[in-house]
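Below is one structure; the comments refer to it alone.
One is the number of the first residue; the rest follow in order along the sequence.
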Amino acid sequence: MDPVIIVGAGPVGLALSLALAAQGVPSVVLDESSGKDEPRPARSVVLRADMAAMVERLGCTTLRDEGVRWVGWRGMRRRQVVRHLALDLGLGGTEEWSEDPAAPSAPAAPLHIPQHALARGLRDAIAHQKLIRLVTEARLDTIEQDRDGVVAHTRGPAGTWWRGSHLVGCDGARSTVRKLLGIRFPGRTAVERHAVAALRTELPWPGEALLHRQPPWRGAADEITARPLPDGVWRIDWLLPPRGDLVTPDALVARIRETLAGWCDGVTPPYELIDTGVHTLHHRLARRWRVDRVLLAGDAAHLLGAVGTQGLDEGFRDVDNLAWKLAHTWHHGASERLLDSYQSERRSAVAHRLRGADQSLPVLRGGGGLRTYLPGATRGHDALLTDGHVGRGPLGAPPAYPHSPLAPPYTEGRTPVGTPEGAPVEDVRVTAPDGTTVRLRDRLGQGRLLVLLVAPGTGVWDRRHWRGAGVMPRLEEAVAALPARAEVLVTEAYPGAPAHAVLLVRPDGHLVAAFAGVHPEELYAAADAARGGSATEDPATEPQGTKAGSKAGKNARADAAADTGSDTGSDAGTNAGSDADSGPRSGPRSGAEVTAGSDRTADMH
């Protein structure tokens, strides 16, 4: 069978190729560049604990070597510390929990790493993968689809064409794939602007991240963020006025000196300036994320990043959601519902995140109004920003998919547990089939369902004793009969779960359903729903034999149908691509063809 074609070799495209390879699916990654990443310490990324764990599972070693997990979070306003959190330096797993739902818990520490180091680690992992072919200096020109696959034509020193089972556009904010499909990309431009500097110095709170609002010194930005990196390096961001002047080198150096002096008792400590830049944040959301065998992921599908939200973190969540669905389709065939669920789940989750950020911005950045004077309003603002940065609340918490088309209907054998259906499961310790004790998160990303039995006391038994005792034989028989590959795991306890509860978990770690004991028929029905049902249940699809230009009306209607959440602003600044042919081609010309249009999207910084 043909490989999956991935357009774009940024972190999202590289991670998707590795996630597919882990599930036995070959891919071709088309990289428009020469494949060399310029070191830019001021261009760094923050990953939540679960996404950092996913990237490590893919074989990226630079997260441990060149990234740093914050030991704490410090929030300041004027001269006062208003919030100080110690962060969990584990991977966010649940070692212990309290029966009291109001009991405080430490948030899992985010991981901070320069983007070039992350990309290099992913490329190094790809170098050891035989199922991935990375092609540099290959610029996408046209896409053709038919009933059985996709053809991508490329330009470059060795322009050619590639045949694939599916194609995923991971080619960034100015995505050629998105334009070729004629998909609109509405939203807002320049939601926030930040001056950025990476410098080596000593600050009074080693290892902690800082958000300083309304600092007291003259000429300071309304908001300054400092995030640690390895080897004494810090990334510092200054929030800029929406329509301010250009940031000159002299002005940036003045900001650095004033900020360091303000944090260090009026004396500017020695520092080494390593890198600088201006970071402009946009909020946009593609109307569609799937057109037949072509899909979008990462910045090609969405742009966000204001008030603590993290764009690349969301791109990796696209990978986590899409990889197992593409792998199941590639190996076994699948219903249309399975791949459609990628757009339904991820687009709704990102739309919710964007709405939360857009609704928060006028309150947090308005600079006046009645809400400024309400008792507790400022503390609420600080808490909202903190949650966005550390990965909690509406701006930062991992997404749940309670209304997924893959959710099974309710049955009598179900039981509530501490994790809502559709939400990510807790990273408890489990016993694997070979008798080893691992984290539940270590078993994710392998393309199979996980069936977790809660069996108190099994940790002190020898495995050969409990494998044939109690409900285990019946459970293993039920799992063997499931319509999709599954693995049985055992844990001594799970938050809110009674003894002998059985949890069905998707390959990306989201809870499908929990049952009070072993219910083979209900477990089968839930597993069948999670895989999208049988491919034979779908009605026959029409051949893809029309020009892309003639599909504009169909795409417009589908855009409206796909708009499951409100968009992030007007459509100004977006374009739908063009049907203009741009040069000679080689290879087959069958199926629907689209060609690259002009690029009128605003530059990204």
Side-chain angles (χ1 to χ4, degrees), residues 6 8-22 27 29 31 33-71 87-92 108-134 136 170 172 196-200 206-207 209 226-235 272 274-275 277 279 297-299 305 310-320 323 391 427 439 441-442 444-445:
I6 299 171
V12 171
L14 298 174
L16 179 58
S17 70
L18 287 165
L20 290 173
S27 62
V29 183
D31 184 0
S33 73
S34 62
K36 297 180 180 179
D37 297 298
E38 177 188 2
R40 290 293 309 275
R43 190 181 184 190
S44 59
V45 297
V46 176
L47 301 180
R48 311 304 189 205
D50 58 338
M51 289 298 97
M54 183 202 77
V55 175
E56 284 192 306
R57 285 198 306 271
L58 299 179
C60 180
T61 61
T62 53
L63 265 66
R64 293 186 182 274
D65 300 336
E66 301 180 51
V68 64
R69 296 184 190 275
W70 308 335
V71 299
L87 299 176
D88 177 10
L89 290 176
L91 295 179
L111 184 139
H112 189 207
I113 185 172
Q115 184 166 320
H116 68 267
L118 172 63
R120 186 178 71 254
L122 292 169
R123 288 179 183 272
D124 289 346
I126 285 175
H128 297 91
Q129 276 288 349
K130 296 182 179 180
L131 290 177
I132 303 173
R133 180 173 182 181
L134 183 58
T136 58
C170 304
V196 183
L199 51 91
R200 183 175 286 108
R227 303 181 182 95
L229 286 165
D231 301 323
V233 176
W234 293 81
R235 168 174 165 165
E272 176 189 356
I274 301 172
D275 191 20
H279 184 40
D299 285 355
Q310 299 294 329
L312 183 55
D313 193 81
E314 292 296 330
F316 282 151
R317 294 190 191 281
D318 297 343
V319 170
D320 206 23
D427 189 27
R439 306 299 309 213
R441 195 173 282 161
D442 294 336
L444 300 177

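- When all heavy atoms of A22 and G445 are compared, the pair lying nearest together is CB-O, 4.2 Å.
- Side-chain N or O atoms of D313 include one that pairs as donor or acceptor with a backbone N or O of R48 at under 3.5 Å.
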For residues 121-131, run the donor-acceptor check on the side chains, cut-off 3.5 Å, and write out each pair with its distance to 0.1 Å, sequence neighbours left out.
residue: R123; atom: NE; partner: D37; partner atom: OD2; Å: 3.3
residue: R123; atom: NH2; partner: D31; partner atom: OD2; Å: 3.0
residue: H128; atom: ND1; partner: D124; partner atom: O; Å: 2.9

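- A donor-acceptor pair under 3.5 Å is absent between the side-chain atoms of S17 and the main chain of S27, judged by distance alone.
- Note that CG of L14 and CZ of R120 are 13.0 Å apart. Values are rounded to the nearest 0.5 Å.
- Considering every non-hydrogen atom in both L118 and C60, the closest pair reads O-SG, 3.9 Å.
- For R133, the CZ atom is loosely surrounded, since the number of other residues' heavy atoms within 6.0 Å does not exceed 12.
- The minimum heavy-atom distance between G8 and V29, with the atom names listed, is O-CG1, 3.7 Å.
- When each of P41, P11, S44 is paired with Q115, the side chain to side chain contact (heavy atoms under 4.5 Å, CB included) condition holds for P11 and for no other.
- A distance-only check finds no donor-acceptor pair linking the side chain of R69 to the backbone of L111 [under 3.5 Å].
- Summarising the geometry of V71 relative to P206, their closest heavy-atom pair is CG2-O, 4.0 Å, with the distance given to 0.1 Å.
- For the atom pair D320 CG and L444 CG, the distance stands at 7.5 Å (nearest 0.5 Å).
- Separating the CG atom in L16 from the CG atom in D318 is a distance of 9.5 Å, to the nearest 0.5 Å.
- To the nearest 0.5 Å, the span separating NE2 on H116 from CD on E66 amounts to 6.5 Å.
- Using a 4.0 Å cut-off between a side-chain N of Lys or Arg and a carboxylate O of Asp or Glu, R235 and D275 do not qualify as a salt bridge.
- Within the 4.5 Å cutoff, the side chain of D299 has no heavy atoms near those of the V12 side chain.
- Contact between H279 and V196 at its shortest, heavy atoms only, is CB-CG2, 3.8 Å.
- Going from atom CG of L58 over to atom CZ of F316 covers 8.0 Å, rounded to the nearest 0.5 Å.
- Here E272 pairs with R200 under the salt bridge (charged side-chain N to carboxylate O under 4.0 Å, His left out) rule; sequence neighbours left out.
- Legend: residues meeting salt bridge (charged side-chain N to carboxylate O under 4.0 Å, His left out) with R43, ordered by chain and number and at least two apart, are absent.
- Nearest heavy atom pair, residue P228 against residue V68, reads O-CG1, 2.9 Å.
- Between atom CG of residue L134 and atom OG1 of residue T136 there is a gap of 7.0 Å, rounded to the nearest 0.5 Å.
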